[in-house]
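Because the structure is predicted, anything quoted here is derived from the model rather than measured.
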Amino acid sequence: FYARGQTGQQLLIGAYQSMMRMVGEQRIEYFPRRDMLDVVLVDGKARGIITRNLVTGELESHAGDAVLLCTGGYGNVFYLSTNAKGCNATAIWRAHKKGAYFGNPCYTQIHPTCIPVSGDHQSKLTLMSESLRNDGRVWVSKKKGDKRPPNEIPEEDRDYYLERKYPSYGNLAPRDISSRAAKEACDDGRGVGASGLAVYLDFRDAIKRDGRDKIEERYGNLFQMYDKITAENPYEVPMRIYPAVHYTMGGLWVDYNLQSTIPGLHVLGEANFSDHGANRLGASALMQGLADGYFVIPATLPHYIASNKLEKVTTEHPAFKEARADVEARIGKFFSIKGTQTVDELHKKLGHVMWEDCGMARSKESLTRALKEIPKIREEFWNDVRVPGDAKGFNQELEKAARLADFMELGELMCRDALEREESCGGHFRTEYQTEDGEAKRDDEKFCHVAAWEHKGDGVAPTRHVEELKFEEIKLATRSYK
C-alpha cells in the first residue's frame with residue numbers, strides 16, 4: 001500500500017472507515033469524546049475502565065472481560081511534537097501505576113523533516129514527509145552566522161553535510177542520524193532562519209534535473225502545505241526544516257499475545273513497546289497498529305478469555321466505585337489548588353527540560369539535571385496551577401491538567417531509564433558513548449536487553465527489570481552509513 005506522502009494518513013482513514021462501518025452494523029458500540037482516566041482491576045485482572053465524557057463532564061464506568069489499550073504514544077511529554085494535541089499518556093500511565101510494566105521509556109524517535117518552531121505561540125509542530133529527502137538536498141552555510149538569503153549563497157559556501165558525512169546514503173541517512181546531524185550544524189552556529197534552529201531542504205537541483213512539473217507531481221501536496229504554513233514557496237526557495245519528536249518506541253511491556261503484566265490488559269500499537277527497539281521501524285502504522293489489531297489480537301484475546309475463569313462483573317462492583325472515587329478526588333484536587341500558573345505554562349517548562357536534557361542527545365550531566373528539575377516543576381504544578389471552571393461540562397484546562405500530571409511522572413521515568421542505559425543506540429544517544437567520528441556506540445555486553453520498569457508507589461523509586469534479547473538467526477552488527 002503506497003500513497004506518496006500520505007500513506008499513513010490513508011491508512012488511518014481506511015481503518016477509521018472500517019470501524020465506522022462496523023458501528024453502523026451495530027457490531028461496535030461507539031463512545032466518542034472520552035478520556036480514559038483509570039483502569040479497573042478485579043481479582044488482579046483488568047475488567048474495565050473509568051472515562052470522562054469531554055462534552056458533559058460526566059464520569060462513566062465500563063466493564064468487560066478484558067481491556068485493550070490502543071491509545072498511542074507519549075510524545076507530547078515534550079510539549080511540542082508532531083502528535084495531535086489530544087494525544088496523551090494517561091491511559092498507559094494509569095495502567096502502569098496499577099501494575100503494568102513500562103518498557104524502554106527513554107526510546108523516542110526524533111523526525112528530521114519537520115517545519116521549525118516559529119514562536120512561543122505554537123502548540124504543536126508539523127511533520128513533512130520523509131519522501132521529500134528522495135529529491136531534496138540538506139545543507140547549511142559553511143560560515144557561522146551567515147544571514148544571506150539562501151539563493152545568494154553560492155555553491156562553494158554550502159555544506160551538504162549529510163552527503164559529506166555519509167556518502168553511501170547522503171540525504172537518505174536514517175532519521176536518528178539525520179536529526180543529530182542537523183542539531184550539530186545548528187549548535188555550531190550554522191543554523192538558518194530567524195531562530196537559527198533550522199537547516200535547508202533544497203529542491204533546486206531536482207527541479208533543474210527533472211523539471212518543475214515532475215517535482216510537483218511527486219510532492220505537490222506537501223509543497224502546498226509548506227507554503228500555507230510558512231508563506232514561502234519551496235519551488236523558489238529551499239524549505240527550512242528541523243527535527244521534532246514524532247514517535248515513542250517505548251510503551252507498556254507486553255508478551256507475544258500483546259498482554260501486559262496485568263492479566264487481561266492487552267496493549268496494541270504505539271501504546272506498547274513490542275516491535276521497535278531503539279529505532280522506530282519503517283511503516284510503523286501499517287506494521288504495528290494494523291498487525292496488532294488485524295492479525296494478533298483476534299487470535300490471542302479469545303485464547304485469554306477461553307483459558308481464564310472470568311466471573312461476571314458489572315460496574316456496581318466495589319472496585320469500580322473505588323476507582324471512580326479516586327478519579328473524582330483527583331479532579332477535585334486540580335480545582336482546589338487555585339494557583340497562578342496555567343497548565344500550558346507548566347507544560348512548556350517540562351517540555352523545555354525534556355527537549356534540552358533528554359532529547360536528541362543526552363548525558364549523565366543533563367539527565368541528572370533533569371531529574372532534579374522535573375520534581376520542582378511537579379511541585380509547582382501541585383501548588384500553583386490554576387484550573388478554571390468546574391468539572392461539569394466541557395473544560396479543556398481540566399483535560400490538560402490531568403494529562404500533564406501524568407506527563408511529569410512519565411518524564412521522570414524516561415530520564416531515569418536514559419540515565420541507567422549507559423550506551424548509545426538509535427534514538428537514545430548518550431554523548432559519553434560515541435565513536436571517534438561521532439556515531440552511536442552500543443554496549444551489547446551490558447545492555448542487550450529490554451528495561452521494564454515496575455511502579456512501586458508514589459515517592460518510591462521504581463524497580464528496573466531486565467528481559468534479555470537473544471538473537472539466534474541474525475548476528476548483532478554495527479550499522480554503517482559511511
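No cation-pi contact links R421 to F447, judged by a cut-off of 6.0 Å to the six-membered ring centre and 45° from its axis. Note that R362 lies outside the cation-pi zone of F429, set by a 6.0 Å cut-off to the ring centre and a 45° limit from the axis.
Aromatic ring pairs are classed by plane angle as parallel below 30°, tilted from 30° to 60° and perpendicular above 60°; the pair H465 and Y101 is parallel. In this structure, W382 and F334 have parallel ring planes: the angle between them is below the 30° cut-off, well short of the 60° mark.
Two rings, from H352 and F78, have their centers 6.0 Å or more apart. Note: F102 and Y74 meet the aromatic proximity criterion, with ring centroids under 6.0 Å apart. Close placement of the F203 and F223 rings is indicated, their centers lying within 6.0 Å of each other. Checked against a 6.0 Å centroid threshold, the rings of H111 and Y247 do not count as neighbours.
A donor-acceptor pair is defined here as one N or O able to donate and one able to accept, closer than 3.5 Å; such a pair exists between the side chain of N308 and the backbone of Y304. Judged by distance alone, the side chain of T315 and the main-chain N or O of S61 form no donor-acceptor pair under 3.5 Å. Distance alone, capped at 3.5 Å, is enough to place a donor-acceptor pair between the D384 side chain and the T340 backbone. With hydrogens and angles ignored, the 3.5 Å screen pairs no side-chain donor or acceptor of D43 with any backbone N or O of K45. Between the side chain of K98 and the backbone N or O of W93 there is no donor-acceptor pair closer than 3.5 Å.
Residue pairs meeting the side chain to side chain donor-acceptor pair (under 3.5 Å) criterion with at least one partner in residues 257-270, sequence neighbours excluded, are T248-E270.
Ionic pairing of E328 and R330 is not present here: no N-O contact between side-chain nitrogen and carboxylate oxygen is shorter than 4.0 angstrom. Looking at D210 and R218, a side-chain N of the basic residue comes within less than 4.0 Å of a carboxylate O on the acidic one, giving a salt bridge. D458 and K97 are joined by a salt bridge, as a carboxylate oxygen and a charged side-chain nitrogen come within less than 4.0 angstrom of each other. Remark: K321 does not engage D38 in a salt bridge, criterion side-chain N to carboxylate O under 4.0 Å. The pair E409-R378 fails the salt-bridge criterion, with no side-chain N (NZ, NE, NH1 or NH2) lying under 4.0 Å from an Asp/Glu carboxylate O. Ion pairing between a basic and an acidic side chain is recognised when a charged N comes within 4.0 Å of a carboxylate O; E399 and R403 show such pairing. Salt bridge absent: E345 and K348 never bring a charged side-chain N and a carboxylate O closer than 4.0 Å. In this structure, R240 pairs ionically with E232, as a charged nitrogen and a carboxylate oxygen lie closer than 4.0 Å.
Residues V117 and Y242 are not in side-chain contact: their nearest non-hydrogen atoms beyond the backbone lie 4.5 Å or more apart. When side chains are defined from C-beta on, R175 does not count as touching N279, because their heavy atoms never get closer than 4.5 Å.
Residues D292 and N272 come closest through the heavy atom pair OD2-ND2, 3.3 Å.
How far NZ of K470 is from CG of L476: 13.5 Å, rounded to the nearest 0.5 Å. Remark: R47 CZ to L310 CG distance equals 5.0 Å, nearest 0.5 Å.
Scored by the salt bridge (charged side-chain N to carboxylate O under 4.0 Å, His left out) test, E25 finds R21, R27 as partners (sequence neighbours excluded). Applying the side chain to side chain donor-acceptor pair (under 3.5 Å) test to R133 and every residue at least two apart in sequence or in another chain returns E130, S178. Scanning for side chain to side chain contact (heavy atoms under 4.5 Å, CB included) contacts around D344 gives Y79, T342, K400, with sequence neighbours left out. Residues passing the salt bridge (charged side-chain N to carboxylate O under 4.0 Å, His left out) test with E60, sequence neighbours excluded: R34. Scored by the side chain to side chain contact (heavy atoms under 4.5 Å, CB included) test, N83 finds N76, S81, C87 as partners (sequence neighbours excluded).
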* **L37 vs T90, side chain to side chain contact (heavy atoms under 4.5 Å, CB included): CA-CA, chis, key distance, verdict** => CA-CA 7 Å; L37 298 182; T90 289; 4.2 Å; yes
* Could you go through the side chain to side chain donor-acceptor pair (under 3.5 Å) check for N53 and E58 one step at a time? => CA-CA 5 Å; N53 186 314; E58 182 183 359; 5.5 Å; no
